[in-house]
Amino acid sequence: MTPPTARRPDPTAPSAPPRARPAGRPADRTPAEPHTVGSDPARRAAADTTHRAANYPHRGAAQAPDSAEGDPGRRDTAAPPGPGGGGPDRPDTAEGAYRAGGGLARRATADPLFRLVAYALEAAHGRPPGAVWSAPYAFHLGSPGLVAAAGWPVAAAAAPRTDEMVRLSSLAHPADSCDLPLTLSGPVPDAPAWAVRPYALLRALARAGYGRGGTDLHVQGSLTPAAGLATAEPADCALALAVADVHTPPGEEPDRARLARLLAGTLPDGDDALRRAVLFARPGTALLSGGAGRAPRYVAFDPAATGARLVLLAVRGGPGAADRQADLARAVACARRAGALSAWPPGHGPGPGPGRSVLVLLPGARLTAVRAAVAEDFRGRGRPVPRFLNIAVAGAARREE
C-alpha cells in the first residue's frame, strides 16, 4: 500500500530546509543511519533519509533481523551509460544547469538524500549547487574482476568558483569543513584527515582542466563504514563527476573514460575494478572489468529476476579483527544451515584489516528463516545481532535532476 504523502510545498516559496517526516515507531539503528541528529535542519533531514529507508521498504530498506521484509529495489530505469557518458541532456544554458542542481533542495518529489546534499552545500557555503551526482557503492562477486553496483548511493554536490579556493564539507564530518587554496603542485595545505583525499582529487581535476578556479563541494553517503562496503571509490567517482560536470560546457556529459583514467592515476591505492563498476555498471548485470584501455563485458546477474535475494550481512562484534572474523564465520554458517546458497566478501572495505561483512545469496523464500536463525544464535550467546541490508544490482553513477 502506498504510504500517504504530506502536502507538497510551493516550490516558489522562500528558501527553507527539507523538513523531516514525523516518525512513528523509532527505526532500529542500521549501518545506513547517521550517527547523530541534533537540532541542525540538515541533520534532521539526514534522519529523514534513514527513517524513509527503514519505513518504506519498496526502496530497499536496511532492516533489523526481526523486522518485516522489504523489496531491495532502487529505481534505475534510465538507460545505462557507456564509457563516454550518458544520462539526460543538460539544460541549454549555464544558468539553467546551475538551477537544475540547486532546485533539488526544495523539490518535494526528489530523493531525500539528494535534497539533503543540495541543501547542505547551500547552507555550508551560501550557494546552490551547479550539479548533484549520485554514485553507487560497488562490490566484488567472488570471481576475479567481476563486479557490480549496489542500489545505495553516495551523493556529491558541486558549485564552481573563480577565486582558486576549494571549500569542502560533509555531514559525516560536521566539525571539519574547510576552505583551502587550490594549488596545482607543491606542498598540500593543512586539511582535516577526511579532506586530504578529496583535495588530492580536486588538484588532479584542476590540472586536467576541470575547476582551476576552485569548487564548493559537499559529499554524503547513504551508508556508514559499519556496512562494510568500500566507501572511497563511490565517493571519488561522485566527486569527480560533479566537479567535471559544472566545468563542462552545457550540453556535454563528463567523459567517464577519461575520469576513470584520471582516478586510477591520482589514487592508485583505490580498487580500479570497483571504480569501473561505479562508472559503467548496468542494472541487473555484473561487469567484467577488462582493465585499463579495454572495454568492459557485461554478464547477467539479477537475483530478483530468478526469485533469489542478495543481502549484505554485517556483524557488530568487538573492535578486534579476530572477534569480527569469528562472528562473521559463525553468521555465515548459520545462514547456510538455514538455506543460504553462497556467501563471499564484497571486497576491501573501509579501514585496515579484514572486513566486517559478507554478501549472501539465498532463495527469496528463505530470507526470513535465514535472518531468524542468525538472530537466534547471536542473541542466545549475548552477542550483538548482525544487520542485514538488501542489495539491488543497480546502474552506474548519474546526474540527479
Side-chain angles (χ1 to χ4, degrees), residues 34-35 42 117 120-121 124-125 129 131-135 137-138 153-161 163-247 254 258-275 278-279 347-353 355 397:
H35 295 293
V117 170
L121 182 133
H125 306 307
V132 175
W133 278 76
S134 66
Y137 292 87
V154 173
R161 300 182 63 84
D163 58 359
E164 298 183 353
M165 292 288 293
V166 294
R167 301 193 295 183
L168 307 175
S169 59
S170 171
L171 286 179
H173 307 278
D176 289 324
S177 299
C178 57
D179 297 3
L180 303 171
L182 179 59
T183 57
L184 302 187
S185 60
V188 176
D190 289 338
W194 79 271
V196 171
R197 188 180 183 97
Y199 182 81
L201 183 51
L202 287 169
R203 260 186 160 183
L205 288 165
R207 288 194 293 267
Y210 298 116
R212 291 189 178 181
T215 304
D216 289 339
L217 184 73
H218 186 90
V219 182
Q220 183 66 28
S222 57
L223 303 177
T224 70
L229 292 179
T231 57
E233 287 76 11
D236 295 340
C237 292
L239 184 160
L241 286 163
V243 172
D245 192 11
V246 298
H247 295 98
R258 184 188 183 197
L259 292 178
R261 294 190 296 270
L262 185 147
L263 287 164
T266 305
L267 305 169
D269 58 327
D271 188 321
D272 193 53
L274 291 183
R275 278 195 291 250
V278 174
L279 292 170
H348 179 65

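A side-chain N or O of His125 and one of Ser169 form a donor-acceptor pair less than 3.5 Å apart. Side-chain contact, Trp133 with Asp245: a donor N or O sits under 3.5 Å from an acceptor N or O.
Closest of all the heavy-atom pairs between Gly270 and Arg275 is CA-NH1, 3.6 Å. Scanning all heavy atoms of the two residues, the minimum distance from Arg203 to Leu184 falls at NE-C, 4.2 Å. Listed here is the closest heavy atom pair of Met165 and Pro181: SD-CA, 3.6 Å. Of all heavy-atom pairs spanning Tyr137 and Leu229, the tightest one is CB-CD1, 3.9 Å. Nearest heavy-atom pair, Ala131 versus Ala242, reported as atom, atom and distance to 0.1 Å: CB-O, 4.3 Å. When every heavy atom of Leu180 is checked against every heavy atom of Leu168, the shortest pair comes out as CD1-CD1, 4.5 Å.
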Go through it in stages, so that I can follow the logic: the residues are Val219 and Val154, the test is side-chain contact (heavy atoms from CB on, under 4.5 Å), and I'd like the CA-CA distance, side-chain angles, deciding distance and then a yes or no. CA-CA 7 Å; Val219 182; Val154 173; 4.0 Å; yes
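Between atom OH of residue Tyr199 and atom OG1 of residue Thr183 there is a gap of 3.5 Å, rounded to the nearest 0.5 Å. One distance of note links CG of Leu202 with CG of Leu182; it measures 7.0 Å at 0.5 Å rounding. Between atom CZ of residue Arg167 and atom CG of residue Leu121 there is a gap of 8.0 Å, rounded to the nearest 0.5 Å. With values rounded to the nearest 0.5 angstrom, Leu259 atom CG is found 9.0 Å from Arg261 atom CZ. In this structure, CG on Asp269 lies 6.0 Å from CG on Leu267, to the nearest 0.5 angstrom. Atom NE2 in His218 sits 5.0 Å away from atom OG in Ser170 (nearest 0.5 Å).
Checking side-chain atoms of Gln220 against main-chain N and O of Leu171 turns up a donor-acceptor pair under 3.5 Å. For the pair Ser222 (side chain) and Pro153 (backbone), a donor-acceptor distance under 3.5 Å is present. Glu233 places a side-chain N or O within donor-acceptor distance of the main-chain N or O of Asp271, the cut-off being under 3.5 Å.
Under the 4.5 Å side-chain criterion, counting only non-hydrogen atoms from C-beta, Leu205 is in contact with Leu262. Contact check for Leu201 versus Val243: no side-chain heavy atoms found under the 4.5 Å cut-off. Counting only heavy atoms from C-beta outward, the side chains of Arg161 and Thr215 never approach each other to under 4.5 Å.
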